[in-house]
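Take a look at the structure set out below.
Below, all heavy atoms of this structure are taken into account, side chains as well, without hydrogens, waters or symmetry copies. Predicted model, so just to flag it, every value in this text is computed and none were measured. Numbering of residues begins at 1 and proceeds along the displayed sequence.
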Amino acid sequence: EKDLALDFTQRFNIHYEALTGRAPFTTRENDIFITLTGRAKLANSLGAALLSFHLNASNKKGKGVEAFTSRGQTKSDPWATALLEAFVMENPDIAERFDLSDGDPDKEASFTVLSKTKNEAVLFELGFIDNPHDIKYLGDQEWRERNAYVLAYATAKYFGDLQKGLREYLPTVEENPRETKKSEWCRERDIDWQIHKLKQLFDPASPLARREFNDRLRSIKYLAMQKP
């Protein structure tokens, strides 16, 4: 768990910085243990929100994704909802372990990293490491890369941190209200993902590379303007 969780977190951080220009602070960069109280104290000292990625386990009986916030209606709930909505849109075949009894999908718990953190705090369980279905995707590097981006994007969008101009060319999608939200999110995120990956492929110091980059960027923007 610790290796996959760290790998996912590092991918999340890379994407979040690329999307926002702001580098997240990580509680650990290698195989060291930070106490639960220490994680909360670190977040509080930085005045930061806390997002903690984990992999669940349940003697092969459990499966799926879930997110926890502290008990009661808190300012963490909308962020958890944004993360879960983004995740299930990207992964419709993964089981949803939601608690909708209070009107939102997150679960509530008195975990130290949640109850002791002053700002928003979400504990996100990516899946069950001892479930054959879940470990198949959790162990897939491409899956982790894609979903680290999805959650980084959802977080940046929720906190209003997306870089200015990132979505200025996006079309308006006219569909029924329930599907519009999903369609706009998927198209918006997928287009930004293409541009994000495109930027990683080219050397900005090379005039030839810049020309090819601009050509491919125009192509992506043109396709974005077409009706789905």
Between [X] and [Y], a side-chain donor and acceptor under 3.5 Å:
{"X": "D106", "Y": "T69", "value": "yes"}
{"X": "N44", "Y": "T117", "value": "no"}
{"X": "S110", "Y": "R71", "value": "yes"}
{"X": "D7", "Y": "Q141", "value": "no"}

Is [X] reaching over with its side chain to a backbone N or O of [Y], donor-acceptor style, under 3.5 angstrom?
{"X": "N56", "Y": "F128", "value": "no"}
{"X": "D104", "Y": "D77", "value": "no"}
{"X": "T155", "Y": "A152", "value": "no"}
{"X": "D161", "Y": "T20", "value": "no"}
{"X": "E17", "Y": "R22", "value": "no"}
{"X": "T35", "Y": "G38", "value": "yes"}
{"X": "R39", "Y": "I34", "value": "yes"}

Pairing of E90 and R146 as salt bridge, 4.0 angstrom limit: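 A salt bridge is present here (some side-chain N lies under 4.0 Å from a carboxylate O).
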
Parallel, tilted or perpendicular for W79 and F159, by the 30°/60° rule?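 Aromatic pair W79/F159 classed perpendicular.
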
Determine the interplanar angle of the Y137 and H133 rings, folded into 0 to 90°, and report it as parallel if under 30°, tilted if 30 to 60°, perpendicular if over 60°.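 Y137 and H133: perpendicular rings.
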
Decide yes or no on side-chain contact (heavy atoms from CB on, under 4.5 Å) for E145 and H15, but give the supporting numbers first. CA-CA 9 Å; E145 181 78 10; H15 292 309; 3.0 Å; yes

Nearest 0.5 Å please: distance from the [atom1] atom of [X] over to the [atom2] atom of [Y].
{"X": "L84", "Y": "E66", "atom1": "CG", "atom2": "CD", "answer": "9.5 Å"}
{"X": "S70", "Y": "F111", "atom1": "OG", "atom2": "CZ", "answer": "11.5 Å"}
{"X": "F53", "Y": "R144", "atom1": "CZ", "atom2": "CZ", "answer": "13.0 Å"}
{"X": "N91", "Y": "N147", "atom1": "CG", "atom2": "CG", "answer": "4.0 Å"}

Going through the distances and angles, do L50 and V113 end up as a side-chain contact (heavy atoms from CB on, under 4.5 Å)? CA-CA 8 Å; L50 176 65; V113 292; 3.9 Å; yes

To check you understand the geometry: which heavy-atom pair defines the closest contact between L114 and A121, and what is its length?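 Closest approach of L114 to A121, heavy atoms only: CD2-O, 3.5 Å.
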
Of the non-hydrogen atoms in G62 and N131, which two are nearest, and what is the gap between them?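 That would be O-ND2, 3.2 Å.
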
Taking everything shown except [X] itself, do over 12 heavy atoms lie less than 6.0 Å from its [atom1]?
{"X": "R28", "atom1": "CZ", "result": "yes"}
{"X": "K136", "atom1": "NZ", "result": "no"}
{"X": "K107", "atom1": "NZ", "result": "yes"}

Is there a side-chain contact between [X] and [Y], using heavy atoms and a 4.5 Å cut-off?
{"X": "Y153", "Y": "V150", "value": "no"}
{"X": "Y149", "Y": "L19", "value": "yes"}
{"X": "L100", "Y": "P105", "value": "yes"}

Is the distance from the ring center of F124 to that of F87 below 6.0 Å?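 F124 vs F87: aromatic centres under 6.0 Å.
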
Run T26 and N13 through side chain to side chain donor-acceptor pair (under 3.5 Å) and show every step you take. CA-CA 8 Å; T26 306; N13 289 349; 2.4 Å; yes

Before you tell me yes or no, could you show the steps for L83 and V122 under side-chain contact (heavy atoms from CB on, under 4.5 Å), namely the whole-Å CA-CA distance, both residues' side-chain angles and the distance that decides it to 0.1 Å? CA-CA 9 Å; L83 291 170; V122 176; 4.0 Å; yes

Would you check, one step at a time, whether the test side-chain contact (heavy atoms from CB on, under 4.5 Å) holds for V65 with L126? CA-CA 5 Å; V65 60; L126 294 162; 5.9 Å; no

